[in-house]
K.L.:
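The following block contains the structure, expressed as structure tokens.
The first residue of the sequence shown is numbered 1, and numbering continues consecutively from there. This is a predicted model, so every value here is computed, not measured.
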Amino acid sequence: MFKNYLKTAWQNLRCHKSYVTINTIGLAVGIAACLLIFILVRYQTSFDDFHKNKERIYRVAGVTQTPEGINYTQGSAFPLADGLRLDCPQLEQAGRIYGRKDKLITLPDAKVTAAQKKFKETIFFAEPEVFNIFNFPFLAGDAKTALSAPNTAVLTQETAEKYFGDWHAAIGRFIKYDNDQVFKVTGILKNIPPNTDFPLRVVFSFKNARNEDISADWISQDGSLNTFILLPKHLSAAQFDNDLKNLVKKYTPPGYANQGYALQPLSDIHYNSRYGTYSGNTFSRELITALSLIGLFLLVIACINFINLSTAQAVNRSKEVGVRKVLGGSRGQLITQFLCETFLITLLSVVIAILIAFITLPLLNDLLQTPLSIQFSWPLLAFLGGILIAVTLLSGFYPAIVLSGFNPITVLKSRLTDRIVGGLSMRRGLVVFQFAIAQALIIGTFIVVNQMDFFRNADTGFDKEAIVMVPLGNDTARNTKMQSLKTQLQQMAGVKNVSLSAFSPMDGASWQSDFRFDNAVKKPGFLADLKWADADYFKTYNMQFVAGMPYREADTVNGFVVNEMMVKKLGFKSPEEIIGKKIDFWDGNITAPVVGVVKDFNGQSLKDKMLPTVLGANKMIYRLINIKMEPQYARQTLAAVERIWNEAYPDLMYEYEFLDEKMASFYKQEGQLSQLYKIFAAVAIFISCLGLYGFVSFMAVQRTKEVGIRKVLGASVANIVYLFSKEFTLLIGIAFLIAAPLAYYFMQHWLQNFAYRINIGVGTFLLTILSAEVIAWLTVGYQAIKAAVANPVKSLKAE
């Protein structure tokens with residue numbers, strides 16, 4: 001029976017090729033967009049699924065209460081894990097993992113070639129307990145003992161093959177960390193999913209982390225040092241929280257009662273940006289929800305097209321329905337027949353959508369820098385099946401009800417008109433809904449693009465053009481060589497200035513500390529952002545002094561330079577007032593007077609507030625060489641820098657980063673969002689205009705006689721075009737009145753995520769309604785003009 005329905009449906013569709021083509025294209029584009037969003041969202045939400053006890057895993061994350069609110073960090077104090085294991089025996093496990101980015105790995109093994117010897121990796125130091133908390137799968141080695149001894153290492157399969165060609169041969173081989181420590185490979189992990197929160201590639205024994213400048217006190221909460229616990233099944237996080245507070249109270253020195261810890265569930269780590277994560281491609285929950293809604297709306301727009309075109313087509317199929325009813329066809333049979341037609345169109349659209357997704361997925365991967373792929377797993381097949389059924393019912397049910405409900409006597413006695421078909425108001429409402437979504441996306445796109453332009457053009461407070469940063473690494477001879485290297489670079493043609501520092505101006509919040517000011521007993525109650533740099537740092541980055549001067553060139557601190565924000569936070573009315581006041585870090589370990597105040601510079605992205613910053617000289621901490629070049633000689637200069645670098649540090653890997661590229665990386669996700677909005681807005685407009693074009697095409701056929709009579713009575717081409725366009729112009733205007741306040745509300749909420757943001761102006765909305773109307777007029781213009789210039793004699797004769 002169903003086979004007969006499908007056969008008849010196929011024969012009917014072959015008689016309405018224009019109708020089928022427009023509907024199929026619209027649905028296919030909408031389904032393809034929805035499919036790509038599904039793959040992207042699944043990639044962003046299916047992280048770390050292999051951990052068996054993930055609901056009982058918690059990170060013990062640092063929290064500090066300040067007068068301005070709570071500061072959060074994913075890090076913890078070094079001895080916290082030992083304290084948990086000693087004082088909280090009710091825990092199943094407690095373990096530490098310490099991450100370091102962009103570290104040098106070399107291969108001292110004689111079996112590898114020189115070209116294979118240097119790699120830059122994100123490395124981790126981990127305790128054996130970490131592998132008991134997390135279920136990272138081992139291909140070789142024992143999870144319980146692989147990192148129990150010092151100077152042992154675990155590699156992933158991919159990393160082992162990169163180093164040694166064959167992961168089977170990696171066990172027992174040696175790798176060298178930062179040209180200092182040699183580690184023996186004792187275990188091989190299966191490759192970790194790329195969307196994990198723990199991108200393990202190289203893992204060293206935590207016993208070697210004691211040489212990594214970790215403070216061994218209960219005060220310093222290192223953001224790179226994570227402590228994880230595994231709660232027993234009978235113990236909840238709320239129950240253990242009181243034990244944690246007692247532990248912290250027991251070991252924390254007096255005067256630090258504002259510091260504590262919070263239990264952060266593993267499921268919260270992926271999205272909670274206030275703590276920070278190691279993952280580089282994490283989308284927020286809000287962004288995932290927004291993308292899911294956009295995908296749903298695009299699909300609904302395509303379904304609206306189908307409904308509008310199907311009900312418009314009803315006029316042409318009225319006699320077919322009448323004949324079927326006279327010959328005994330029931331309404332149920334007709335509904336089934338029309339749903340089968342919708343099913344075939346939807347099935348064809350799904351097939352085309354999969355092809356579109358295959359073609360466009362590489363472009364999406366390039367945009368988002370993700371390894372997305374289409375794998376026909378059960379979730380994807382279930383999604384496609386659900387789409388097929390949902391779109392068939394959503395698109396086909398109402399038109400089937402309308403078509404099957406015709407009175408056979410009426411439709412056979414006279415030609416059915418659009419008004420007799422009914423549903424005109426509903427079709428107008430659907431067009432309004434359709435264009436409201438499209439215009440809301442256009443408004444969102446304009447706002448995101450404007451915010452990105454604001455980021456790119458904002459005054460950062462320092463010069464960012466033609467500055468390249470070269471990391472110095474941790475070479476044991478670094479301190480003796482870097483000054484000589486700086487001198488050589490300063491003498492090069494094409495180099496304007498050179499400076500040594502621990503961080504660039506854009507490495508905000510990399511090192512924050514409390515302090516005492518002007519010999520006061522009580523601390524100010526906020527943290528200072530520390531930037532260690534030599535005296536040439538200010539000249540290299542062209543920082544403007546508003547009071548005082550740079551500190552003298554020295555190997556150690558002889559004076560501090562602060563920014564305007566520090567002056568304001570300390571309550572001074574003018575920068576001159578702070579000059580000569582002493583700042584004391586770490587209870588007298590470093591004390592010096594303030595000798596200068598620089599204009600505020602944003603040490604991190606404009607998403608965050610300006611930090612009170614302190615700059616001082618400290619040769620032992622420098623890790624970066626900053627080179628200001630003549631832009632026109634940049635290529636030649638970089639080649640010369642590499643040559644000098646390799647002579648000074650033959651065992652290190654030479655790499656560099658332009659400061660403006662580093663700044664652009666801060667807004668990577670916003671840039672990706674901007675591009676996605678552009679794409680989805682274009683898709684929404686395309687689908688909406690496709691439906692509009694089809695609708696006007698059918699309307700032109702229905703109003704052929706009316707147009708002929710109007711032309712005979714003297715109507716001009718402009719009058720006829722206006723006749724076809726005025727209603728859609730009005731509907732798009734109504735859609736704008738709905739879209740504008742909704743888009744304003746949601747985009748204003750999105751802008752609240754940024755400390756520095758644009759104001760949403762009237763121009764955005766005027767540009768949106770103007771572009772929507774122009775696009776709609778261009779869409780209906782061809783059919784309207786075609787109907788207007790048609791010979792009225794032929795149209796009336798045909799009637």
Side-chain angles (χ1 to χ4, degrees), residues 100-104 106 118 120 178-180 213 460 462-508 510-511 529-543 550-557 561 598 601 603 613 615-631 633-665:
R100 304 293 297 274
K101 293 184 178 181
D102 298 326
K103 308 305 290 184
L104 178 67
T106 54
K118 297 179 183 179
K120 273 294 177 80
D178 252 1
N179 284 323
D180 184 18
D213 300 326
T460 57
F462 57 87
D463 186 4
K464 61 181 183 291
E465 300 300 327
I467 292 182
V468 68
M469 303 167 297
V470 182
L472 288 167
N474 287 323
D475 187 87
T476 52
R478 183 197 66 228
N479 290 339
T480 58
K481 293 181 178 179
M482 62 184 181
Q483 189 61 47
S484 172
L485 178 63
K486 175 184 174 182
T487 302
Q488 291 183 67
L489 292 173
Q490 284 177 324
Q491 295 171 353
M492 285 176 50
V495 173
K496 297 177 70 174
N497 289 298
V498 182
S499 168
L500 297 168
S501 67
F503 310 111
S504 76
M506 297 303 298
D507 290 317
S510 295
W511 189 337
D529 184 38
L530 293 175
K531 292 191 181 299
W532 305 108
D534 64 15
D536 290 325
Y537 193 78
F538 308 101
K539 184 168 57 175
T540 301
Y541 286 101
N542 194 26
M543 293 182 174
Y551 38 75
R552 300 189 312 277
E553 184 65 50
D555 292 343
T556 57
V557 176
V561 170
V598 292
F601 62 94
T613 303
L615 298 98
N618 194 334
K619 179 181 177 181
M620 298 302 295
I621 306 176
Y622 296 158
R623 298 288 185 273
L624 200 67
I625 189 160
N626 312 271
I627 307 169
K628 172 70 175 177
M629 302 181 297
E630 297 283 358
Y633 304 119
R635 180 175 296 182
Q636 301 94 311
T637 303
L638 285 174
V641 169
E642 182 176 7
R643 177 179 53 79
I644 295 175
W645 168 273
N646 288 330
E647 291 174 358
Y649 299 103
D651 294 329
L652 296 183
M653 179 179 286
Y654 171 75
E655 31 177 27
Y656 62 87
E657 182 181 22
F658 280 99
L659 184 64
D660 53 359
E661 292 177 354
K662 184 180 183 68
M663 293 179 64
S665 68

K.L.:
One pair to check against side-chain contact (heavy atoms from CB on, under 4.5 Å): K619 and L500. What are the steps and the verdict?
P.N.:
CA-CA 8 Å; K619 179 181 177 181; L500 297 168; over 6 Å; no
K.L.:
Could you pull out the closest heavy-atom pair between K486 and V498, with the gap in Å?
P.N.:
CE-O, 3.4 Å
K.L.:
Please identify each residue that fulfils side-chain hydrogen bond (donor to acceptor under 3.5 Å, both in side chains) with Y537, with sequence neighbours left out.
P.N.:
none
K.L.:
Holding to side-chain hydrogen bond (donor to acceptor under 3.5 Å, both in side chains), I want the full list of residues that pass it with Q490, two or more places apart in sequence or in another chain.
P.N.:
none
K.L.:
Give me the one residue out of D463, D536, N542 that meets side-chain contact (heavy atoms from CB on, under 4.5 Å) with K628.
P.N.:
D463
K.L.:
Apply the test side-chain contact (heavy atoms from CB on, under 4.5 Å) to residues L472 and W645: give CA-CA distance (whole Å), side-chain angles for both, the deciding distance (0.1 Å), then the verdict.
P.N.:
CA-CA 10 Å; L472 288 167; W645 168 273; 3.8 Å; yes
K.L.:
Provide the closest heavy-atom pair for A535 versus Y551 in the form atom of the first, atom of the second, distance.
P.N.:
CB-O, 3.4 Å
K.L.:
Do F462 and M506 touch side chain to side chain, with heavy atoms closer than 4.5 Å?
P.N.:
yes
K.L.:
Apply side-chain hydrogen bond (donor to acceptor under 3.5 Å, both in side chains) to S499 and list each qualifying residue two or more places apart in sequence or on a separate chain.
P.N.:
D534
K.L.:
Return the minimal non-hydrogen interatomic distance between S504 and Y541, and the atom names on each side.
P.N.:
CB-OH, 4.1 Å
K.L.:
Search all heavy atoms of V641 against all heavy atoms of I627 and return the closest pair with its distance.
P.N.:
CG1-CD1, 3.9 Å
K.L.:
Write down the atom of Y649, the atom of M482, and the distance for their closest heavy-atom approach.
P.N.:
OH-N, 3.4 Å
K.L.:
Sequence neighbours left out, what pairs pass side-chain hydrogen bond (donor to acceptor under 3.5 Å, both in side chains) with at least one residue falling in residues 652-661?
P.N.:
K120-E655
K.L.:
The test is side-chain contact (heavy atoms from CB on, under 4.5 Å); show your working for V557 and W532 and say whether it passes.
P.N.:
CA-CA 9 Å; V557 176; W532 305 108; 3.6 Å; yes
K.L.:
Could you check F658 against M629 for side-chain contact (heavy atoms from CB on, under 4.5 Å), going step by step and ending with a plain yes or no?
P.N.:
CA-CA 11 Å; F658 280 99; M629 302 181 297; 3.5 Å; yes
K.L.:
How would you list, by chain and number, every residue that makes a side-chain hydrogen bond (donor to acceptor under 3.5 Å, both in side chains) with N618, sequence neighbours excluded?
P.N.:
none
K.L.:
Over all heavy atoms of both residues, which pair between L485 and A648 is shortest? Give the atoms and the distance, please.
P.N.:
CD1-CB, 4.4 Å
K.L.:
List the residues meeting salt bridge (charged side-chain N to carboxylate O under 4.0 Å, His left out) with E630, not counting sequence neighbours, and say none if there are none.
P.N.:
none
